[in-house]
Each structure stands twice: as C-alpha cells, then as structure tokens.
Amino acid sequence: MLQQTRVKTVIPYYRAWLKRFPDLPALADAEPDEVLAQWEGLGYYRRARSLHAGAAFVAERHGGRIPRDLAELKGIPGVGDYTAGAVASIAFGRPVPAVDGNVRRVLSRLYDEPTPTASWLRERAGLLVDPDRPGDWNQALMDLGATICTPRSPGCDACPLTSVCAARVAGTQELRPSRSARRAVPAVTFAVSVVVDRWGRAFVRRRPDKGLLAGLWAFPEAVIGDPTPDEPALVRQARHAAKEAGARTRERPRWILDVVRHRFTHLMATYVPVLLTAAGASAGDGRWVPLERPTGLALPRAQRKIAAAAWAAFETKETDADANP
DNA sequence: AATGCGGGGAC
DNA sequence: GTCCCAGCATT
C-alpha cells in the first residue's frame with residue numbers, strides 16, 4: 001500500500017484491510033473482486049492484484065511463510081527492490097539497503113549527485129547501512145527525508161548531516177535531485193453511457209485486465225475525438241458503447257449531463273455522461289447497481305463522481321414526473 | 001533506461 | 001496550476 005502512496009493516506013485502508021484479511025491465508029483465498037473492493041480509492045490497482053497474487057504465491061511456494069532471503073523476496077509478485085530490502089532489513093534484520101523516494105533524495109543531496117541511478121543508489125545505500133541495526137537505519141534515512149530533508153525548503157539547520165552534506169556545502173540542496181522535464185498531460189473526452197432502469201439502477205461492466213483501472217467496474221465509455229462534439233454525436237457514441245458492453249437501450253435518451261472532469265497522473269479526462277433508458281435485460285457480464293449507493297464492487301473515483309451526478313439527475317426527473325404525470 | 005499506472009495533499 | 005508520495009512490471 002505504501003508504494004507511491006503517503007503513510008497518512010494508507011493508514012485507514014491498512015486497518016480495514018487487516019480486519020477483512022487478518023492473515024495470509026485469508027488474503028490468498030479471497031475473491032479478486034473483494035480484494036479490489038478493499039483497495040478502492042487507493043489507486044495503482046495493480047498493487048492490489050499483485051498483493052493478492054503474492055499471498056497465493058507465498059502460500060504455495062513458501063508454505064505460507066514469508067521468505068527471509070532477498071532474492072526470494074523479490075520473486076514474490078509486487079515485491080521489488082525497495083519492498084524486498086525493507087522487509088529483509090526491518091522484519092528480518094538483514095544488512096541490506098531499502099531505497100525509496102526519500103532515501104533517493106537524501107543520498108542525492110548528501111553526495112551532491114544530481115541524477116542518481118538505481119545502481120548508484122543501491123551501492124551507496126548498501127555501503128552506509130548499519131549492519132547491527134539495518135532496519136532502524138533504513139527507517140531513519142526515510143524519516144530524515146520525510147521530515148527534514150524534504151523536497152522543497154529542506155530544514156538543513158535541523159539536519160544531523162548538515163556538516164557532511166555535499167549539496168549543503170555547495171548550496172545546491174534545493175536542486176537535488178534534478179527534476180526531469182514533465183511531458184504535457186494529454187486531455188481525452190469520453191462519452192459515458194449511464195443506462196438506467198426504472199428503479200434507478202445503472203449498468204456497469206468490468207474493465208479489461210490490462211491498462212488504466214484494470215479489473216475495476218465502470219460505465220461503458222467511448223473516446224470522443226472531437227473535444228466539443230454535438231449532442232447527436234455524443235448520444236450516438238454513448239449508445240454504441242452501451243451496446244458493445246451488452247446493455248440494451250431505448251431509442252430516446254433521457255438527457256446529457258454536465259461534464260465530470262477527473263485528473264489522472266498522465267491523463268486529463270473529461271466525461272460527458274449520457275443518461276439512457278434500459279430496454280429489458282442486459283447481455284454479457286455487466287451488472288446493475290443502484291445509482292444512489294453503488295456499493296459492493298470496486299468503482300474508481302471518477303466513476304463515483306459520474307454516478308453521483310447521474311443519480312441527482314435521475315431523482316430530479318422522477319420527482320418532476322410524479323408531480324406532472 | 002523509459003513508460004504506464006491513481007489519487008490526494010501541500011504549496 | 002505543480003510536485004511528489006515508504007515503486008513495480010513491462011518493454
């Protein structure tokens with residue numbers, strides 16, 4: 001959970017996770033949907049799938065015991081250099097480094113190395129690690145980076161390494177490590193098909209196993225080439241997406257909602273929800289969820305925004321219909 | 001070595 | 001708005 005995610009964000013997820021999956025067999029035997037549902041909102045959902053696969057891997061290949069060897073740890077799905085080093089040093093007292101984003105920044109400044117490579121970091125961190133208390137050492141470096149040697153305006157006056165920090169001596173600490181130029185984030189517009197039945201339930205289908213939001217549930221969608229499409233084109237695309245996903249719809253759309261914007265790390269998405277009316281049962285592997293409370297399955301944040309907007313619109317229309325039959 | 005992969009909080 | 005978070009898998 002902590003991979004690329006702040007401790008403060010993780011804590012409530014971690015507690016709920018341990019309550020639902022108290023030990024390794026509980027996780028290894030769980031349904032994939034249940035695992036994803038527990039992870040919902042944390043992002044980088046492959047971590048959840050890897051953790052699930054990792055539990056099964058350890059159960060089968062290691063008799064349910066986490067291996068102590070660094071190479072064996074790295075063989076577990078979802079466990080890379082950092083996680084293997086952290087577990088080996090903190091849990092098992094092995095004198096191995098654990099280089100996360102914080103440690104990378106600390107070492108880059110300590111040696112005034114603007115572009116530290118993975119191999120350089122591993123070598124440096126390996127030489128420094130305290131063989132007697134490797135876990136404490138690694139965590140101390142991480143905490144130093146998180147609290148004092150911060151990305152911007154580091155607190156060098158309070159740093160125990162200030163006198164031996166090459167970047168501090170050179171005055172380059174704010175420039176280390178160097179930031180790579182970020183590419184522009186592309187903007188993509190989607191027509192979103194919200195097919196609603198008479199009870200206010202909407203059709204969702206599972207997303208493909210790979211790519212963005214893999215394995216999560218979502219409304220059918222279609223990429224719109226024209227960023228400012230006219231209404232007939234939107235409705236046509238939404239209806240097509242619904243049909244592709246196995247949801248049958250009536251001819252007349254209910255209406256087009258205000259756009260929902262959602263920023264992913266490398267994609268700015270604009271969703272245009274189109275409310276459509278269900279025509280009988282659906283085919284395929286879709287499911288119908290209540291728009292008011294779409295619980296019980298893993299929906300990405302953006303989909304929940306869309307669901308909330310769609311429910312508000314649906315409820316308003318039904319109320320009007322009751323008032324003016 | 002570069003890229004795709006979420007969501008949120010701090011500034 | 002930008003930056004970055006106790007990174008990993010894939011290419």
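Lettering of chains follows the sequences in order, A, B, ..., and the numbering in each one begins at 1. These numbers come from a predicted model, not from an experiment.
In this structure, Tyr14(A) places its OH atom 13 Å from C1' of dA6(C), rounding to the nearest Å. Distance CG (Asn102(A)) to P (dC5(C)): 6 Å, rounded to an integer number of Å. We find that CG of Asp100(A) is positioned 14 Å from C1' of dC8(C), with the value rounded to whole Å. His266(A) has its NE2 atom 18 Å from the P atom of dA2(B), to the nearest Å. The CH2 atom of Trp39(A) sits 12 Å away from the C1' atom of dC8(C) (whole-angstrom rounding). Rounded to a whole Å, the CZ atom of Phe264(A) is 21 Å from the P atom of dC5(C). Taking atom CG of residue Asp209(A) and atom P of nucleotide dA9(C), one finds them 16 Å apart after rounding to whole Å. Rounding to whole angstrom units, OH of residue Tyr44(A) and P of dG6(B) are separated by 7 Å.
At the heavy-atom level, Val79(A) lies under 4.0 Å from the strands shown only through sugar-phosphate atoms. Arg46(A) comes within 4.0 angstrom of a nucleotide base, judged by non-hydrogen atoms across all strands. Counting any heavy atom pair closer than 4.0 Å across all strands shown, Gly41(A) reaches sugar-phosphate atoms only and no base atom. Tyr82(A) comes within 4.0 angstrom of a base, heavy atoms only. Residue contacts shown for Arg105(A) are limited to sugar-phosphate atoms, with no base heavy atom under 4.0 Å away. Counting any heavy atom pair closer than 4.0 Å across all strands shown, Arg49(A) reaches no nucleic acid atom. Across all strands, Leu42(A) comes closer than 4.0 Å to base atoms (heavy-atom distances). When heavy atoms are screened at a 4.0 angstrom cut-off, Ser50(A) is found touching no nucleic acid atom at all. Contacts of Thr265(A) with the nucleic acid, taken as non-hydrogen atoms under 4.0 Å apart, include base atoms. Backbone-only engagement by Arg179(A) is indicated by non-hydrogen atom pairs under 4.0 Å involving sugar-phosphate atoms exclusively. In this structure, Asn138(A) reaches neither bases nor backbone, as no heavy-atom distance under 4.0 Å exists between it and the strands shown. Looking at heavy-atom distances under 4.0 Å, Gly43(A) makes contact with a base.
For the pair Gln38(A) and Leu27(A), the minimum side-chain heavy-atom distance is 4.5 Å or more. Using a 4.5 Å heavy-atom cutoff, the side chains of Gln303(A) and Glu221(A) are in contact. Considering only heavy atoms from C-beta on, Phe190(A) stays 4.5 Å or farther from Thr270(A) through its side chain.
When each of Tyr45(A) and Lys8(A) is assigned the nucleotide of DNA chain B bearing its nearest heavy atom, the one mapping closer to the 5' terminus is Tyr45(A). Along DNA chain C, the nucleotide closest to Gly80(A) and the one closest to Pro151(A) are compared, and the more 5′ of them pairs with Pro151(A). Of the two residues contacting DNA chain C, namely Arg47(A) and Arg182(A), the nearest-nucleotide position lying further toward the 5' end is that of Arg182(A).
Other residues, nucleotides and ligands contribute over 12 non-hydrogen atoms within 6.0 Å of the CZ atom of Arg304(A). Within 6.0 Å of atom NZ in Lys74(A), more than 12 heavy atoms from other residues, nucleotides or ligands are found, so the atom counts as buried in its surroundings. Residue-environment remark: CG (Asp258(A)) stays at or below the threshold of 12 foreign heavy atoms within 6.0 Å.
Checking dG4(B), dA10(B), dA6(C) against every side-chain atom of Arg152(A), the shortest atom distance belongs to dA10(B).
Between Arg183(A) and dT2(C) there is no side-chain N or O to OP1 or OP2 distance below 4.0 Å. Side-chain nitrogen and oxygen atoms of Thr83(A) include at least one within less than 4.0 Å of the OP1 or OP2 phosphate oxygen of dC8(C). Contact annotation: Gln3(A) side-chain N/O to dG7(C) OP1/OP2 distance is not under 4.0 Å.
Going from the P atom of dA6(C) to that of dT3(B) covers 24 Å, rounded to whole Å.
A cation-pi arrangement is absent between Arg207(A) and Trp217(A), since the terminal nitrogen or guanidinium carbon is not both under 6.0 Å from the aromatic centre and inside a 45° cone about the axis.
With hydrogens and angles ignored, a donor-acceptor pair under 3.5 angstrom links the side chain of Thr5(A) to the base of dG6(B).
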